[in-house]
*Asks:* 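One structure follows; several queries about it will come next.
Atoms considered below: every heavy atom in the structure, side chains included; atoms not considered: hydrogens, waters and symmetry mates.
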Amino acid sequence: MSHYRPRRSMLYVPACVARFLAKGRTLKADSLILDLEESVLVERKLEARRNAVAALKEGGYGQREVVVRVNRHDSAWGLDDLTAVAPLRPDAILFPRVESRRDVLDAIAALDQAGGAGIPVMVMLETPMAVLRAEEIAGASERLICLVMGTSDLTNELHARITPDRPPILRSLSHCLLAARAHGLPIVDGVHLDMKDMTSFEYACRMARDLGYDGKTVLHPLQIPYANDAFTPRPASVERAREIIAAFAQANAEGRGVTVVDGRLVETLHVEAARRTLMIHDLIVKMEADDVAR
């Protein structure tokens, strides 16, 4: 995965609150999404944009990925959002409510016109149409570096109810994951609205991890450690990955294409998974060490 970096936790930061933007510099989130869109009232859109611009100019976010979620480029604020933030070169621009390949290309064209040529792009899949067209969206452009699920809007538009096991949106989560993996893209799960029930949040994180997701978007700093924990390879998993790689190399050296580790058959695909586990582990270790060194 050429676009991979740890995105275990991606925190939405309402840009209308300057102290939230400042606090983001101290939080253990892998990514910060400076939000100009859904969390910002209409009468505070301009204030949010000014705050985000000031925060980007000041910098100081360390190893954290800094993403800006703009308003739709065809809204009253979208083009001005892009014109304001593009010259400051955030790590990525997140476009909301993308529903087709055309939407992706139009958004990128607007970004480029605003002076953002070359800035990576993320898109939100948050409507039934977006889910149905997830494959064409995922394959729309090489500029895409991550897909972000918008499960709250999706659940609402499905007329579904939020339950711990999430059966109403499991098909959507799996379908979008397939689209992401088909095009070699990372994908991050949607938010968990109950910010006090950490038991259900932790369960949701582990469900997303087991499905194959790379991380989770979060709404509150209290959720960050739970998301980080769920998407961090366990020491035992890291050790097992090393054992699999070593055992397979030994088997190959002896002329065998398969081997057995702890009673389980190991083939090439298991070695690929083991290398992916070590890659994620190493990136997280490096990111956290760099953050401490700052």
Side-chain angles (χ1 to χ4, degrees), residues 4-40 48 51-52 55 61-70 90-96 122-126 145-156 162-166 169 172-173 176-177 180 186-233 280 283-284 287-288 291:
Y4 192 83
R5 60 165 291 156
R7 293 187 181 96
R8 299 166 298 172
S9 53
M10 299 186 75
L11 175 69
Y12 285 109
V13 184
C16 53
V17 186
R19 65 185 173 86
F20 289 173
L21 294 170
K23 188 175 182 180
R25 297 183 176 94
T26 69
L27 298 173
K28 296 292 187 183
D30 290 347
S31 303
L32 300 171
I33 302 172
L34 313 189
D35 190 21
L36 307 180
E37 195 230 2
E38 200 158 24
S39 66
V40 180
N51 288 345
Y61 287 102
Q63 300 304 307
R64 298 162 192 82
E65 181 181 45
V66 180
V67 181
V68 180
R69 178 165 71 170
V70 295
D91 293 316
I93 298 290
L94 174 59
F95 287 99
M122 301 180 181
V123 298
M124 295 202 65
L125 306 177
E126 49 187 332
I145 61 165
C146 188
L147 304 181
V148 180
M149 294 301 297
T151 48
S152 298
D153 280 25
L154 178 61
T155 301
N156 184 52
I162 297 171
T163 60
D165 287 330
R166 307 170 83 189
I169 61 165
S172 298
L173 289 172
C176 293
L177 177 72
I187 184 168
V188 176
D189 189 18
V191 298
H192 188 77
L193 296 176
D194 189 338
M195 292 183 284
K196 291 184 177 177
D197 185 354
M198 289 305 163
T199 301
S200 64
F201 177 69
E202 188 174 31
Y203 184 77
C205 288
R206 293 177 190 283
M207 175 186 286
R209 176 201 64 198
D210 292 349
L211 279 173
Y213 274 72
D214 295 289
K216 193 157 179 71
T217 45
V218 297
L219 293 170
H220 193 281
L222 289 176
Q223 295 177 324
I224 294 170
Y226 292 90
N228 285 352
D229 182 67
F231 291 97
T232 298
I280 294 169
L283 284 172
I284 290 169
M287 185 175 67
E288 292 179 345
D291 202 43

*Asks:* Indicate yes or no: at least one non-hydrogen side-chain atom of Lys28 is less than 4.5 angstrom from one of Pro225.
*Replies:* no
*Asks:* Does Asn156 have any side chain to side chain contact (heavy atoms under 4.5 Å, CB included) partners at least two apart in sequence or in another chain, and if so, which?
*Replies:*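 With neighbours one apart ignored, the set is empty.
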*Asks:* Between atom CG of Asp35 and atom CG of Leu219, what is the distance when rounded to the nearest 0.5 Å?
*Replies:*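 So the CG of Asp35 and the CG of Leu219 are separated by 10.0 Å.
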*Asks:* Quick check: do Gln223 and Met198 have side-chain heavy atoms less than 4.5 Å from each other?
*Replies:* yes
*Asks:* Is it true that a side-chain atom of Asp91 and a backbone atom of Val67 form a donor plus acceptor pair closer than 3.5 Å?
*Replies:*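 Absent.
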*Asks:* Using a 3.5 Å distance criterion without hydrogens, assess whether the side chain of Tyr213 forms a donor-acceptor pair with backbone atoms of Leu173.
*Replies:* yes
*Asks:* Nearest heavy-atom pair of Leu36 and Ala48: which atoms, and what distance?
*Replies:* CD2-O, 3.6 Å
*Asks:* Just how far is it from atom OH of Tyr61 to atom CG of Leu27, taken to the nearest 0.5 Å?
*Replies:* 10.0 Å
*Asks:* At what distance, to the nearest 0.5 angstrom, does NZ of Lys216 lie from CE of Met149?
*Replies:* 10.0 Å
*Asks:* Would you check if Leu147 and Cys176 make a side-chain contact, meaning some heavy-atom pair closer than 4.5 Å?
*Replies:*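 No, every pair of side-chain atoms sits at 4.5 Å or beyond.
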*Asks:* Could I get the full list of ring pair (Phe, Tyr, Trp, His ring centres under 6.0 Å) partners for Phe201, not counting sequence neighbours?
*Replies:*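 Checked Phe201 against ring pair (Phe, Tyr, Trp, His ring centres under 6.0 Å); matches are His192.
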*Asks:* Between Asp214 and Ile187, is there a donor-acceptor pair closer than 3.5 Å when you use the side chain of the first and the backbone of the second?
*Replies:*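 Yes.
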*Asks:* Rounded to the nearest 0.5 Å, what's the gap from OG on Ser172 to CG on Leu154? Could you check?
*Replies:* 4.5 Å
*Asks:* Tell me every residue that passes side chain to side chain donor-acceptor pair (under 3.5 Å) with Asp30, counting only those two or more places apart in sequence or in another chain.
*Replies:*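 Residues passing side chain to side chain donor-acceptor pair (under 3.5 Å) with Asp30: Arg8.
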*Asks:* In chain order, what residues pass the side chain to side chain donor-acceptor pair (under 3.5 Å) check against Asp210, with sequence neighbours excluded?
*Replies:*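 Counting only residues at least two positions away or on another chain, Asp210 forms no side chain to side chain donor-acceptor pair (under 3.5 Å).
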*Asks:* Yes or no on side-chain contact (heavy atoms from CB on, under 4.5 Å) for Asp165 and Met207, after CA distance, side-chain angles and deciding distance?
*Replies:* CA-CA 8 Å; Asp165 287 330; Met207 175 186 286; 4.3 Å; yes
*Asks:* Taking the side chain as every heavy atom from C-beta outward, state whether Thr151 and Arg166 have any atom pair closer than 4.5 Å.
*Replies:*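 A side-chain contact exists here, since the closest heavy-atom pair is under 4.5 Å.
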*Asks:* For Ala29, check side chain to side chain contact (heavy atoms under 4.5 Å, CB included) against everything at least two apart and list the hits.
*Replies:* Ser9, Leu11, Leu32, Ile224
*Asks:* Working to the nearest 0.5 angstrom, can you tell me the gap between Ile284 CD1 and Thr232 OG1?
*Replies:*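 Spacing of CD1 (Ile284) from OG1 (Thr232) equals 4.0 Å.
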*Asks:* For a 4.5 angstrom cut-off between non-hydrogen side-chain atoms, does Tyr4 reach Ile280?
*Replies:*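 The answer is yes, as the side chains (C-beta and beyond) meet within the 4.5 Å cut-off.
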*Asks:* So how far is it from Ile93 CD1 to Arg69 CZ, rounded to the nearest 0.5 Å?
*Replies:* 12.5 Å
*Asks:* What pair of heavy atoms forms the shortest contact from Ala208 to Asp189, and how long is it?
*Replies:*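 Taking Ala208 first and Asp189 second, the nearest heavy atoms are CB-OD2, 3.5 Å.
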*Asks:* Looking only at non-hydrogen atoms, find the nearest pair between Val17 and Asn51 and report the distance.
*Replies:* N-ND2, 4.2 Å
*Asks:* Which atom names give the shortest non-hydrogen contact between Thr217 and Gly190, and what distance separates them?
*Replies:* OG1-C, 3.1 Å
*Asks:* Is Arg7 close to Ile145 at the side-chain level, that is, under 4.5 Å between some pair of heavy atoms?
*Replies:* yes
*Asks:* Show the nearest heavy-atom pair for residues Phe231 and Cys205, with the distance to one decimal.
*Replies:* CZ-O, 3.5 Å
*Asks:* Are any non-hydrogen side-chain atoms of Pro164 and Ser200 less than 4.5 angstrom apart?
*Replies:* no
*Asks:* Determine, stepwise, if the pair Ile33 / Met122 fulfils side-chain contact (heavy atoms from CB on, under 4.5 Å).
*Replies:* CA-CA 11 Å; Ile33 302 172; Met122 301 180 181; over 6 Å; no
*Asks:* Taking the side chain as every heavy atom from C-beta outward, state whether Met124 and Leu94 have any pair of such atoms under 4.5 Å apart.
*Replies:*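 Heavy-atom side-chain distance check passes, below 4.5 Å.
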*Asks:* Can you name the nearest heavy-atom pair linking Glu126 to Glu38, along with the distance?
*Replies:*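 Shortest heavy-atom contact: OE1-OE1, 4.4 Å.
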*Asks:* Taking side chain to side chain donor-acceptor pair (under 3.5 Å) as the definition, give me every residue that meets it alongside Arg206, ordered by chain and number, with sequence neighbours left out.
*Replies:*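 Applying side chain to side chain donor-acceptor pair (under 3.5 Å) to Arg206 gives Glu202, Asp229.
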